[in-house]
Amino acid sequence: MTADDSYGRLEDDDYPAYTMGRAAELLGATQGFLRAIGEARLITPLRSAGGHRRYSRYQLRIAARARELVDHGTPIEAACRIVILEDQLEEAQRINAEYRRAAESANPTAAA
């Protein structure tokens, strides 16, 4: 992989570019918090060849939402479950919208 390839991957939300220390720093959280949400199966960091945890930008956004809930007094296990349900709801709404658009374009007179 060339340096140019590596830079392109940094724009990829799923590319595990952040070490545990850097991820914790960006979140304003502890490494223990990241381990805890991993144990709760909210996120599963990839591992480097040396076995170190690596996090993607998408995972950091999920972790930030969990941190927000925990900071407001929600127990970590409940916060993780809430974030999972929010993510599932968002995906279901996206799929519903796609189906709606497809149905409307297949039968434009029904939408009127």
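Side chains are part of it too, since the values below use all heavy atoms of this structure and drop only hydrogens, waters and symmetry mates.
- Taking 4.5 Å as the limit, every side-chain heavy atom of Arg54 sits out of range of all side-chain heavy atoms of Arg47.
- For the pair Ala66 and Ala79, the tightest heavy-atom approach, listed with the atom from each and the gap, is O-CB, 4.0 Å.
- The heavy-atom pair separating Glu68 from His72 by the smallest distance is O-ND1, 2.7 Å.
- Checking Arg57, Gln59, Arg65 one by one against Arg61, the side-chain contact (heavy atoms from CB on, under 4.5 Å) holds for a single residue, Arg57.
- A distance of 6.0 Å separates CZ in Arg101 from CD in Glu98, rounded to the nearest 0.5 Å.
- Contact of the Met20 side chain with the Arg35 side chain is registered, since non-hydrogen atoms from C-beta on lie closer than 4.5 Å.
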Discussion item. Could you walk me through whether Leu42 and Ile76 satisfy the side chain to side chain contact (heavy atoms under 4.5 Å, CB included) test, starting with their C-alpha distance in whole Å, then the side-chain angles of each, then the deciding distance to 0.1 Å, before giving a yes or no?
Written reply: CA-CA 10 Å; Leu42 178 61; Ile76 196 160; over 6 Å; no
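- Taking each heavy atom of Gly21 and Gln31 in turn, the nearest pair found is CA-NE2, 3.4 Å.
- Rounded to the nearest 0.5 Å, atoms SG (Cys80) and CD (Glu39) are 10.5 Å apart.
- For the pair Ile43 and Ile62, the tightest heavy-atom approach, listed with the atom from each and the gap, is CG2-CG2, 3.8 Å.
- A single hydrophobic cluster is not seen to contain both Tyr55 and Leu46; linkage of ILVMFWY side chains at heavy-atom distances under 4.5 Å, directly or through other members, places them apart.
- Annotation: the span from Glu86 atom CD to Ile82 atom CD1 amounts to 7.0 Å, rounded to 0.5 Å.
- Put simply, the side chain of Thr74 gets close to the backbone of Leu69: a donor and an acceptor are under 3.5 Å apart.
- Looking at Arg67, its side chain does come within 3.5 Å of a backbone N or O of Gly28 through a donor-acceptor pair.
- The local environment of CZ in Arg41 is sparse, with at most 12 non-hydrogen atoms from other residues, nucleotides or ligands closer than 6.0 Å.
- Note that CD of Glu90 is 11.0 Å distant from CD1 of Ile95, once rounded to the nearest 0.5 Å.
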Item to complete: Before giving the answer on side chain to side chain contact (heavy atoms under 4.5 Å, CB included), spell out for Arg22 and Glu25 the whole-Å C-alpha distance, their side-chain angles and the decisive distance to 0.1 Å.
Response: CA-CA 5 Å; Arg22 181 67 177 137; Glu25 180 183 321; 2.7 Å; yes
